[in-house]
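Numbering of ligands and ligand atoms starts at 1, following listing order. No hydrogens, no waters, no symmetry mates; every other heavy atom, side chains included, goes into these values.
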Amino acid sequence: MYLVFLGAPGAGKGTQATRVCEKYNIPHISTGDILRANIKAGTPLGVEAKGYIDKGLLVPDEVVIGLVKDRLAQEDCKQGFLLDGFPRTLEQAKALNGFARITNAVNIEVDEELVVKRIAGRRMCKCGESYHISWYNSDVCAKCGSKLYQRDDDKEQTVKARLDVYKKQTAPLIEYYAQTGVLSNVDGAQEMQKVFEDIVRVIDDND
Ligand code: AP5
Ligand code: MG
């Protein structure tokens, strides 16, 4: 299974990707996570990416496409993978089409008001888990015990820019994948377990 998750910032892509990848035993490839790891390590890619991410803008296509192409060429992606946060532009989707055959594009639908609330209350762990202050009231990770933190790009002004970028550059991909016949929409406003069950159902139905 070769999966893509679509959805606005804060829709729950990362949250669901962790669970879906555990269930199907496939690698979770989040371009956002890869870029943030590079920023933390101070690599040249990280230095370049930070300038864009801090403004809520997309990192240039050629940079991200190269990154994903290299990652998908690795052995652990042969039997399947889940892409979270890629593709994000039509250019990226077309490039991906040249080096992978996507079997399911799952669009996690959540309205703008709710994504703003989700992002504002999000707390992250360095192990990749994310929490929300509405249902988690500790400042350490339940999985690994590390201290939780807020993402730099989760500030109000940056979130606004990210949502604008999503509407202009990423939302058109819903139509792109609908036309290739692999799109499924899932109601992401439901509680987490229900969203998970719906995602599993559309993946299994399509298989
Ligand atoms: P990226 O890291 O991909 O961020 P994003 O798309 O903005 O999405 P988020 O990670 O903010 O949201 P999510 O959908 O994963 O939500 P989550 O599960 O955490 O990208 C960051 C930046 O990197 C971009 O702005 C760009 O600059 C750059 N970049 C990355 N990929 C790129 C690409 N391909 N091209 C160019 N640039 C790229 O959930 C959010 C919150 O809600 C959490 O607190 C969670 O606990 C809570 N929550 C989730 N589901 C539920 C639920 N069902 N009920 C209640 N709470 C829930
Ligand atoms: Mg995410």
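Close approach of ligand 1 to Met192 (heavy-atom distance below 4.0 Å) involves ligand atoms 48 (N), 51 (C), 52 (C), 53 (N), 56 (N), 57 (C). The distance from ligand 1 to the heavy atoms of Gln92 drops below 4.0 Å at these ligand atoms: 33 (C), 34 (N), 35 (N), 36 (C). Atoms of ligand 1 found under 4.0 Å from any heavy atom of Gly14 (numbered from 1 in listed order, with element): 13 (P), 15 (O), 18 (O). Atoms of ligand 1 lying under 4.0 Å from at least one heavy atom of Val64, given by number and element, are 33 (C), 34 (N), 35 (N), 36 (C). Each of the following atoms of ligand 1 lies closer than 4.0 Å to a heavy atom of Leu57: 26 (C), 27 (O). Residue contact check: Asp153 has heavy atoms under 4.0 Å from atoms 21 (C) of ligand 1. Counting atoms of ligand 1 from 1 in the listed order, those under 4.0 Å from a heavy atom of Trp135 are 46 (O), 56 (N).
The distance criterion of under 3.5 Å between nitrogen or oxygen atoms is not met by Asp154 with respect to ligand 1. Not one N or O of Ser30 is nearer than 3.5 Å to an N or O of ligand 1, by distance alone. Remark: ligand 1 and Arg151 share an N or O pair separated by less than 3.5 Å (distance only, no angle test). On a distance-only criterion, Arg162 and ligand 1 share at least one N/O pair closer than 3.5 Å. Where the criterion is an N or O separation shorter than 3.5 Å, residue side chain and backbone included, Gly12 meets it with respect to ligand 1. Here's the thing with Lys13: one of its N/O atoms is less than 3.5 angstrom from an N/O atom of ligand 1. Backbone and side-chain nitrogen or oxygen atoms of Pro9 are examined, and none is located within less than 3.5 angstrom of a nitrogen or oxygen of ligand 1.
Using a 4.0 Å cutoff on heavy atoms, Ala11 counts as a contact of ligand 1. Residue-ligand proximity: Gly121 is placed with every non-hydrogen atom at 4.0 Å or more from ligand 1. Note on ligand 1: Ile119 sits outside its first shell, no heavy atom being nearer than 4.0 Å. Judged by the shortest distance from any of its heavy atoms, Lys194 lies outside the 4.0 Å radius around the atoms of ligand 1. Under a 4.0 Å heavy-atom criterion, Gln190 is in contact with ligand 1.
Defined by atom type and a distance below 3.5 Å, a donor-acceptor pair is present between the side-chain atoms of Asp204 and Tyr24. Inspection of the Asn38 and Thr43 side chains reveals an N or O donor paired with an N or O acceptor under 3.5 Å.
Arg88 NH2, 3.7 Å is the protein heavy atom nearest to atom 1 (P) of ligand 1.
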